[in-house]
Q: 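Structure in structure tokens, see below.
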Number of protein chains: 2
Amino acid sequence: MLLKTHHCGALTKANVGETVVLNGWVQRRRDLGGVLFIDLRDRSGIVQIVFNPDFSGDALNVADRARNEFVLAVSGKVVERDAATINPNLATGEIEIQVTEIEIMNPAKNPPFFIEDGIEIDESLRLKYRYLDLRRPEMQRTLMIRSKAAKIFRDFLDENGFLEVETPILTKSTPEGARDYLVPSRVHPGEFFALPQSPQIFKQLLMVSGLERYYQIARCFRDEDLRADRQPEFTQVDIETSFLSQDQLLDMMEELTVKLFKETTGADIPRPFQRISYADAMGKYGSDKPDLRFGLELQDVSDIVAGSGVKVFASIVEKGGQVKALNAKGCGSWSRKEIDDLGVFASRYGAKGLAWVVLKEGEMKGPIVKFFTEQELEALKERLGAEEGDLLLFSADTKKVVADVLGNLRLKIGRDLGLIDENEFKFAWVVDFPLLSYDDEAKRYVAEHHPFTRPKEEDLQYFDTDPGQIRAQAYDLVLNGYEVGGGSMRIYKREVQEKMFGALGFSKEEAQEKFGFLLEAFEYGTPPHGGIAFGFDRLVMLITKRSNLRETIAFPKTASATDLLTDAPGTVDDKQLEQLSIRLALKQAASKA
Amino acid sequence: MLLKTHHCGALTKANVGETVVLNGWVQRRRDLGGVLFIDLRDRSGIVQIVFNPDFSGDALNVADRARNEFVLAVSGKVVERDAATINPNLATGEIEIQVTEIEIMNPAKNPPFFIEDGIEIDESLRLKYRYLDLRRPEMQRTLMIRSKAAKIFRDFLDENGFLEVETPILTKSTPEGARDYLVPSRVHPGEFFALPQSPQIFKQLLMVSGLERYYQIARCFRDEDLRADRQPEFTQVDIETSFLSQDQLLDMMEELTVKLFKETTGADIPRPFQRISYADAMGKYGSDKPDLRFGLELQDVSDIVAGSGVKVFASIVEKGGQVKALNAKGCGSWSRKEIDDLGVFASRYGAKGLAWVVLKEGEMKGPIVKFFTEQELEALKERLGAEEGDLLLFSADTKKVVADVLGNLRLKIGRDLGLIDENEFKFAWVVDFPLLSYDDEAKRYVAEHHPFTRPKEEDLQYFDTDPGQIRAQAYDLVLNGYEVGGGSMRIYKREVQEKMFGALGFSKEEAQEKFGFLLEAFEYGTPPHGGIAFGFDRLVMLITKRSNLRETIAFPKTASATDLLTDAPGTVDDKQLEQLSIRLALKQAASKA
């Protein structure tokens with residue numbers, strides 16, 4: 001067997017005169033008057049190999065049988081190309097190989113799509129033939145960058161004293177385990193393991209163990225309602241530390257993030273990252289993961305319109321709702337149709353209507369203008385920095401709906417107006433998340449993050465008066481409108497934990513039942529601790545500028561949680577089920593569906 | 001909050017005069033005449049902190065409340081100890097901290113066992129309170145070495161062009177999936193994912209993808225019959241390469257192994273590792289994972305005893321069995337009781353009896369001696385290198401039983417005689433495993449490794465004549481009697497694969513049904529490839545000289561596959577099962593059990 005001495009894509013003029021052995025796949029072949037040119041591809045790139053009766057002898061006849069994607073082993077001499085045939089588009093374009101020996105290592109059927117970048121075929125075909133899809137250079141580059149990104153994370157964390165610890169994948173269903181994948185136990189009939197939604201409990205236990213700095217690039221699982229860009233199993237860089245303040249932790253994570261992006265994209269990202277409170281993010285951008293690459297900030301105009309003749313505005317403000325506006329700079333010339341389309345877009349996010357005003361020819365125009373006083377119009381103009389040619393869009397509803405509507409309109413208009421620099425990586429920390437939110441159905445507060453999130457020291461007082469006002473020591477790292485990481489400092493004091501459970505309406509017994517062994521662990525000397533988890537798939541997606549998570553995962557699942565390559569999930573035989581002491585209950589499922 | 005400026009165990013005389021902040025746990029406290037001495041522990045080690053009315057002020061009163069495992073934050077000055085109080089057993093024994101400020105970060109209940117090395121308590125208590133068990137220095141050291149070992153693997157593989165690729169954990173049940181953990185799918189009622197027993201299929205597909213060098217420190221799952229030292233989930237360093245010969249791969253893996261042991265244990269392990277054929281390993285040591293730290297090789301004496309008066313020997317040889325012997329050097333003086341005990345031990349491995357001969361006072365003695373001729377005795381003596389004072393042990397049975405009996409006797413005697421250097425790491429490659437073995441029940445050949453294992457080129461001829469004689473390009477890495485790695489070159493040629501399926505008795509349709517998409521993938525230009533997987537838990541166990549795998553895993557499961565800490569597996573509520581379209585079938589299970 002002829003085994004490679006060199007990589008195809010690594011050969012240069014420096015190798016001229018050397019005899020090399022190459023192994024690779026036929027990218028394409030051309031027969032020019034009895035001389036055969038083959039582009040041979042391996043992971044490193046492509047090189048041209050030449051079969052000529054003058055030096056190839058019988059190898060030419062063998063090579064003649066080769067077709068696209070055949071695996072070849074060739075031996076030959078590296079020579080300079082004639083000036084006229086130099087290919088400046090190819091790293092190896094100045095040389096070629098004069099082949100003297102060949103072995104067809106394996107033939108290949110004609111692949112169902114071309115092995116090249118930018119193919120436009122149905123994604124399901126790519127997923128079914130993922131092993132061919134992964135031969136395409138852009139997929140190989142993505143996997144290489146993914147591998148490199150993992151290494152950068154690990155090296156940085158190792159240098160900073162973090163231990164890599166593996167936590168169980170067969171673990172226990174969490175109290176609110178609605179989204180847990182379950183695994184029946186053969187040895188313990190009727191009992192189930194659960195796959196972890198995150199290593200949260202274990203990483204906190206490792207802090208109780210005094211490990212101080214833990215990390216793991218961890219597989220996590222969530223049996224979620226299907227959404228466009230989620231995966232049933234995903235990877236997070238899971239981190240937990242003891243004896244650090246939130247600021248110390250965020251600083252260290254910033255340093256890590258900057259290093260990661262520098263070494264994978266070359267970008268120099270300035271530090272410190274902007275830190276924006278949850279309240280400000282929602283207020284200005286209508287989102288807790290704002291895209292900060294452009295402005296178009298939302299403005300609260302509730303005070304201005306509260307007493308206006310626009311009845312719907314006035315009444316919404318009166319009922320505790322909100323009226324906010326967005327100045328779409330320079331969109332005053334948009335057609336009525338274009339503005340109506342914005343309304344349709346807004347309705348997807350719950351808008352019942354989309355009021356608007358344009359500044360045209362020195363005047364404010366639009367259906368609602370006549371209901372405002374001159375003074376109110378002036379105040380709006382000033383608040384929104386409105387100038388000739390601007391389009392002002394209004395949303396009036398609950399805080400949540402207004403944020404959703406205008407936040408999404410802001411993104412759409414930012415994109416439509418080309419305000420976004422696609423080459424910029426704009427990071428920010430969103431901090432001071434609310435600790436609790438009131439669940440109207442359950443008629444109680446629920447934890448926004450999780451029940452072990454530490455409240456801000458100065459807000460502890462509100463436990464007794466207004467729990468909804470308590471801010472958490474919780475933070476998200478956002479990048480270009482995506483959440484790429486998030487975490488919190490954890491409660492480590494018993495009395496704070498009791499207040500938290502109290503606010504959540506858990507009795508001592510309930511808390512014990514839900515979190516028993518973790519609460520017990522906390523009794524034995526728990527250090528102050530906190531952590532973060534980075535969404536690794538998402539980060540790789542943003543680093544490689546791919547369009548969805550599936551492009552960053554070697555063997556992803558579809559939006560309906562199937563693997564088109566292996567055809568998983570699949571049926572299993574009754575004997576397997578019997579061994580697991582379970583049985584299918586399909587009818588009930590069908591009648592529910 | 002007083003947050004650490006230094007690690008407890010890292011302080012030395014070089015820090016004298018500095019004011020430091022330390023965070024850690026109370027290891028122990030002593031009150032000597034109103035002066036309080038506390039050993040403060042963190043991950044790095046222990047340092048003595050001192051509270052004295054002269055410099056501690058109110059901190060002394062606060063410190064007085066501290067008990068074992070309280071979490072303290074202290075600030076104070078590093079001072080040299082008096083010559084008389086220097087503790088040479090402590091890395092920080094030359095200094096101590098004069099504390100001026102203290103904060104009790106958290107109190108602690110009295111732990112159920114001491115936080116120190118070498119405790120002798122029931123393992124189940126340690127597992128239930130794993131978070132306290134992991135505070136013990138020997139557990140922390142093990143986890144640190146485990147983390148370091150992973151880093152060494154990764155760095156070496158990265159330097160050698162390997163890409164880290166994550167393969168799915170939610171995948172498809174394999175055709176012989178008896179040991180698969182299954183995961184019901186909520187989205188696809190009646191269908192199941194399976195957890196991988198190894199990433200075997202995916203790593204081969206990655207080679208089809210042209211990735212050339214892949215690795216992953218992969219979690220694998222096996223719902224096995226319970227055995228003493230197995231875990232339902234375990235970690236392997238999974239490696240696959242293209243375009244390498246077996247020798248090239250093994251050489252590279254040797255280099256990796258030597259580096260791993262050098263950097264974790266300091267041991268200099270000579271290369272190349274011994275390569276011993278499966279036939280030789282079984283012949284000389286009765287094991288395919290021989291402990292080569294000592295001799296005591298087995299000798300085949302079938303030819304000598306075949307015609308002897310020991311009827312049982314003669315008849316076993318005649319029936320195609322085997323008679324082998326082991327020379328227990330210098331054990332000729334063992335008592336009859338001791339020899340009988342060997343017989344009892346041997347019977348555990350299937351021996352129906354254990355014949356023996358001693359050389360005493362120039363004569364061969366023992367119950368069977370009289371049935372041999374003088375010539376036969378001389379031949380035995382020569383074959384076994386028997387000398388005055390030796391004990392010769394004989395096993396006569398099928399090849400398999402003889403190997404089991406004498407292989408285990410050899411290990412026992414080697415240990416009993418102290419022939420084993422516990423500080424030696426003796427590696428070897430066991431190669432040339434049989435490709436197929438004949439299954440008497442199924443009345444067909446089965447794959448010893450898996451159906452894609454490549455036969456040795458020179459043995460291909462036996463497919464048509466004697467498939468049992470074919471040796472595989474398969475190899476195990478053994479260390480001190482443990483298998484620590486194993487793998488094979490894979491079949492990549494269609495015609496060889498067809499011969500293999502033919503030998504296994506699979507029709508084309510069966511092969512298609514069992515391995516469909518993989519066989520299809522192989523049609524599109526598969527490179528010659530092969531790989532290996534290291535048992536990471538086992539390697540860490542041997543590196544750290546721990547007694548079982550559970551000692552190397554942060555949160556292990558017991559031999560009955562339960563997690564005593566989280567109490568997993570556990571019951572789940574009916575609603576969860578209903579969502580998964582399954583139902584318990586406990587009665588059937590009970591009646592089966």
Side-chain angles (χ1 to χ4, degrees), chain A residues 3-4 23 25 43 69-71 106 108-109 111 131 134-135 147 150-151 158 163-165 168-173 181 183 185-193 205 208-210 212 219 223 233 243 521 523-527 554-555 561 566 568-572 581-586 589, chain B residues 3-4 23 25 43 69-71 106 108-109 111 131 134-135 147 150-151 158 163-165 168-173 181 183 185-193 205 208-210 212 219 223 233 243 521 523-527 554-555 561 566 568-572 581-586 589:
Chain A
L3 294 177
K4 65 158 69 182
N23 297 156
W25 286 260
R43 201 180 86 183
E69 301 308 319
F70 273 42
V71 188
N106 233 342
K109 289 203 298 194
Y131 46 89
L134 292 180
R135 278 189 196 165
S147 177
K151 179 114 179 53
D158 179 71
L163 295 184
E164 181 181 3
V165 181
I169 286 190
L170 293 172
T171 180
K172 182 148 180 165
S173 189
Y181 278 105
V183 184
S185 160
R186 188 168 56 86
V187 185
H188 304 278
E191 300 192 357
F192 294 79
F193 293 104
L205 287 173
V208 177
S209 298
E212 286 189 41
R219 204 72 62 82
D223 195 0
E233 56 181 307
F243 306 126
E523 304 269 299
Y524 287 99
T526 298
F555 301 102
T566 62
T571 53
V572 297
S581 306
I582 60 172
R583 169 185 332 165
L584 297 185
L586 289 178
Chain B
L3 295 177
K4 63 157 70 180
N23 298 156
W25 286 260
R43 200 179 86 184
E69 300 309 317
F70 273 44
V71 188
N106 233 343
K109 289 204 297 197
Y131 46 88
L134 292 180
R135 278 189 196 165
S147 178
K151 179 113 177 55
D158 179 70
L163 295 184
E164 182 182 4
V165 181
I169 286 188
L170 293 173
T171 180
K172 181 146 182 167
S173 188
Y181 278 105
V183 184
S185 160
R186 188 167 58 84
V187 184
H188 304 278
E191 300 190 0
F192 293 79
F193 293 103
L205 287 173
V208 178
S209 299
E212 285 187 43
R219 203 72 61 82
D223 195 358
E233 56 181 306
F243 306 126
E523 303 269 299
Y524 288 98
T526 299
F555 301 102
T566 62
T571 53
V572 296
S581 306
I582 60 171
R583 161 182 345 158
L584 297 185
L586 288 178

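Quantities reported herein were computed from a predicted structural model and do not represent experimental measurements. Here is the naming used below: chain letters follow the sequence lines, and residue numbers restart at 1 for every chain.
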Q: If you measure from CG on A/Leu586 to CZ on B/Arg583, what distance do you get to the nearest 0.5 Å?
A: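 It is 9.5 Å, given to the nearest 0.5 Å.
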
Q: Where does B/Arg219 contact chain A at under 4.5 Å (heavy atoms): side chain, backbone, both or neither?
A: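 Answer is side chain: those atoms of B/Arg219 sit under 4.5 Å from chain A.
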
Q: Is it the case that the side chain of A/Glu233 and the backbone of B/Ile169 share a donor-acceptor pair, with hydrogens and angles ignored and the cut-off at 3.5 Å?
A: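 Indeed, once roles are kept as given, a pair shorter than 3.5 Å links the two residues.
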
Q: Look at the side chain of A/Trp25 and the backbone N and O of B/Gly210, then say whether any donor-acceptor pair between them is shorter than 3.5 Å.
A: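 A pair under 3.5 Å: no.
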
Q: Anything under 30° is parallel, anything over 60° is perpendicular, the rest tilted; go ahead and classify A/Tyr131 against B/Tyr524.
A: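 Answer is tilted, since the angle falls between 30° and 60°.
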
Q: Should B/Val183 and A/Phe193 be marked as a side-chain contact (heavy atoms from CB on, under 4.5 Å) after you check the CA-CA gap, both sets of side-chain angles, and the distance that decides it?
A: CA-CA 10 Å; B/Val183 184; A/Phe193 293 104; over 6 Å; no

Q: Give the minimum heavy-atom separation between A/Glu212 and B/Lys4, together with the two atoms involved.
A: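 Closest heavy-atom pair between A/Glu212 and B/Lys4: OE1-NZ, 2.7 Å.
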
Q: Report the option among B/Thr571, B/Thr566, B/Val71 that has the most heavy-atom pairs separated by less than 4.5 Å from atoms of chain A.
A: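 Sorted descending by pairs with chain A, the first entry is B/Thr566.
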
Q: Which pair of non-hydrogen atoms, one from A/Leu163 and one from B/Arg43, has the smallest distance, and what is that distance?
A: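 Minimum heavy-atom contact is CG-NH1, 3.7 Å.
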
Q: If I take atom CZ from residue A/Phe555 and atom OG1 from residue B/Thr171, how far apart are they, to the nearest 0.5 angstrom?
A: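 Atom-to-atom, A/Phe555:CZ and B/Thr171:OG1 are 9.5 Å apart.
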
Q: Quick one: what part of A/Val165 sits under 4.5 Å from any heavy atom of chain B, side chain, backbone, both or neither?
A: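 Interface part for A/Val165: side chain.
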
Q: Let me know if A/Asp158 has heavy atoms under 4.5 Å from chain B in its side chain, its backbone, both or neither.
A: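 When you check distances to chain B, only side chain atoms of A/Asp158 fall under 4.5 Å.
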
Q: So which residue, B/Ala554, B/Ala568, B/Ser209, ends up with the most heavy-atom pairs under 4.5 Å with chain A?
A: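 Most heavy-atom pairs within the cutoff with chain A belong to B/Ser209.
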
Q: For the atom pair CD (A/Glu191) and CG (B/Leu584), what is the distance rounded to the nearest 0.5 Å?
A: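 The CD atom of A/Glu191 sits 10.0 Å away from the CG atom of B/Leu584.
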
Q: Report the distance from atom CD of A/Glu69 to atom OG1 of B/Thr526, rounding to the nearest 0.5 Å.
A: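 With rounding to 0.5 Å, CD (A/Glu69) is 11.0 Å from OG1 (B/Thr526).
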
Q: Under a 3.5 Å distance rule, please check whether B/Arg135 uses its side chain to pair with a backbone N or O of A/Val208 as donor and acceptor.
A: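 Checked: pair present.
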
